[in-house]
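A short write-up of the structure that comes next.
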Amino acid sequence: MSKPVQKILDFLIRLVLKSETLTRWVNRFMINKIVTVCRARPHPMSTAHDYVSWKGLTDRRFSSRHLPPDTGVPTPELDQMMGLFKRDDGQKLCPYSSCLFPAFAQYLTDGFIRTQDREEDGDFSVTRMNTSNHEIDLCPLYGRTEEQTNVLRLKSEQDGQKGRLKSQLINGEEYALFLKSGGQTKPEFLRSDGTPILDEPLGQSNLTDTAQLDRLFAFGGDRANSVPQVAMMNTLFLREHNRVAGALEARNAHWDDDRVFETARNITIVMFIKMVVEDYINHIAPSAFTFKADPSVAWHARWNKPNWISTEFSLLYRWHALIPDALIWGGTEVPLPQTFMENKHLLDHGMMAGFRDMSATRAGAVGPRNTADALLHVEQASIQQGRAVALAPYSDYRHYVGLKRPYSFDEISSDTTVQTILKDLYGSPKDVEFFVGLFCEDRVDGSPLPPLILRMVAVDAFSQALTNPLLSEHVYNWRTFTKWGLDEIEHTSKLRDILARNVPNFDETAHVAMQRPGLAA
């Protein structure tokens, strides 16, 4: 699009945004246009079988799939493919995003993209199955099961304690309880037979330092302790839940602990969904239009169907290049490996400093030849996962979402080195694998993402966020959230809003945003 045309379009969008009625209409039109580029759920097939089956239509332990399997895609040797991902001249940085963007993206996706890490059902590859609830439900905070939720709750009928999640104060700030003591899981988080109730933190087997193990939080998600910036996200929503619970109890003294908890949970989940649309999606969207999380958009839409995470979705979110080689914590540069499963950085510097530092640190760029050596094995595993479920070629997925098929390698990437490697590996653009094509594309101007990823992320984000049961036509009302709760939801649209009411001495001058400092919000 030429600059004069873009200026005219931006001017028209600003006019639309001045009218609430026009904004709601355009918001509905654009979301429907975005979501309907793909087939509406339920998809005919899942990873259960390579054909339509009852199990494939009903067993949600398996991932759904947008396109049928294709076993004819060429599969070059993995070692030969790493030139497409390996850096050769330092990390390229994103022109738009701060590190708050990948922190939120990781926290969001860790809640529902849960490819299974162990083999079950005999002949099925582990990558065919998942342990997801298939909802945006804040399960890293609340747990995936009722048993996990119950062990995380305070469960007290005392005045001032109703409806709360367990927490502790450290340096005057609220955090979740620690999961371990002396390197061992605390008895309150174990069943009577000694087995853990909460999903064990992924990667804890690599830790040898007892003090580091003892800094792991008792979270509902096994990935929520992976890095301190993700633990920071979970801590923010823990504080918000407890703040909301306190306000609800003060306004409804006759309510018992269960009702306060459930209502606070309802409100907090919907606030999080608003963050997904109004903070996260608006950050990645290359449009001047500001999307709104209007529940009514989905009420009578043909795409309003129950959620079921797709196997393609679990691959397109492998944004390893976004993470810089070092992160700022407390004003000090910390090499990335020193942040893995280390909550000391968050505890020492606090939430305000954590959000300020992540917002001030520039993210890496999603794209080819920008993955650190330490993460190349993850890229290999991602390619293998696509092969294990026989994903159709990248070209087919571009056609599926209404993008032009590439007929030359320069239509995939403007990087001549990438073009040469792709040609040597595949011979023809039509044979490029899904995962490879996703990350070899040039980035969309005005967005941190390339076109196929951007389109598929937008489709799934809107169609999974706005179809949440709490946003449905006969649920989204004051009886579910209270009038106070609805007002709180209405006046919350960004992470900054939640942070401001949940940290001591919030710094009003601080830049807290997914976009880099100096860019328009």
Side-chain angles (χ1 to χ4, degrees), residues 1 5-6 8-43 66 108 134-137 266-267 269-308 310 313 400-403 444 446-447 449 451 453-481 485-494 497 514 521:
M1 185 181 297
V5 172
Q6 184 65 56
I8 293 171
L9 181 60
D10 290 347
F11 172 74
L12 292 175
I13 288 173
R14 286 193 293 272
L15 285 181
V16 167
L17 292 174
K18 290 181 179 180
S19 165
E20 183 176 346
T21 301
L22 271 178
T23 297
R24 287 175 66 90
W25 185 89
V26 172
N27 189 62
R28 182 186 305 272
F29 172 80
M30 291 185 68
I31 290 175
N32 273 285
K33 188 173 185 295
I34 289 168
V35 174
T36 53
V37 301
C38 288
R39 175 204 313 111
R41 295 185 299 270
H43 300 305
H66 284 276
L108 165 65
H134 301 278
E135 294 289 352
I136 298 177
D137 60 359
N266 293 345
I267 293 169
I269 288 173
V270 172
M271 284 181 178
F272 180 63
I273 291 171
K274 285 199 72 180
M275 301 299 100
V276 173
V277 174
E278 299 187 5
D279 209 352
Y280 174 69
I281 291 296
N282 279 328
H283 174 66
I284 68 174
S287 167
F289 183 77
T290 303
F291 290 102
K292 300 294 182 184
D294 178 1
S296 69
V297 169
W299 287 351
H300 304 290
R302 67 179 182 84
W303 46 266
N304 190 347
K305 309 286 184 177
N307 286 348
W308 192 333
S310 71
F313 199 46
Y400 173 65
V401 301
L403 295 171
V444 173
S447 172
L449 300 177
I453 291 179
L454 178 61
R455 186 156 294 193
M456 295 189 78
V457 164
V459 168
D460 281 326
F462 283 124
S463 70
Q464 291 172 33
L466 297 180
T467 55
N468 187 282
L470 286 168
L471 299 184
S472 59
E473 185 174 7
H474 305 296
V475 175
Y476 192 78
N477 55 47
W478 68 268
R479 293 180 180 85
T480 302
F481 305 101
L486 280 175
D487 190 62
E488 289 291 286
I489 291 168
E490 177 65 26
H491 291 93
T492 304
S493 64
K494 293 183 179 294
D497 299 333
M514 297 187 198

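Position 1 is the first residue of the sequence; numbering continues from there.
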Sidechain-backbone polar pair: T467 side chain, P306 backbone, donor-acceptor under 3.5 Å | no
Please walk me through it: do N307 and R41 pass side chain to side chain contact (heavy atoms under 4.5 Å, CB included)?
-> CA-CA 8 Å; N307 286 348; R41 295 185 299 270; 2.8 Å; yes
Which of parallel (below 30°), tilted (30 to 60°) and perpendicular (above 60°) describes W25 and F29?
-> parallel
So, does N282 use its side chain to make a donor-acceptor pair with the main chain of F291 at under 3.5 Å?
-> yes
Any donor-acceptor N/O pair, R28 side chain to D294 backbone, under 3.5 Å = no
Could you give the distance from OG (S493) to NZ (K292), rounded to the nearest 0.5 Å?
-> 6.5 Å
Output yes when a side-chain donor or acceptor of K305 lies under 3.5 Å from a complementary backbone atom of A40, and no otherwise.
-> no
Value for OH (Y476) from CH2 (W299), rounded to nearest 0.5 Å, stands at 8.5 Å
Fit a plane to each ring of H134 and W308, take the angle between them on a 0 to 90° scale, and name the class: parallel (under 30°), tilted (30 to 60°) or perpendicular (over 60°).
-> perpendicular
How long is the span from the CD1 atom in I269 to the CE atom in M271, to the nearest 0.5 Å?
-> 12.0 Å
Roughly how far apart are D487 CG and F481 CZ, rounded to 0.5 Å?
-> 13.5 Å
Heavy-atom pair with the smallest gap, counting every atom of N32 and A301 = OD1-CB, 4.0 Å
Compare every heavy atom of H66 with every heavy atom of M456, then report the nearest pair and how far apart it is.
-> CE-CD2, 4.2 Å
Side chain N468, main chain A465, donor-acceptor under 3.5 Å | no
Answer yes or no: is there a donor N or O on one side and an acceptor on the other, between the side chain of R455 and the main chain of V37, under 3.5 Å?
-> no
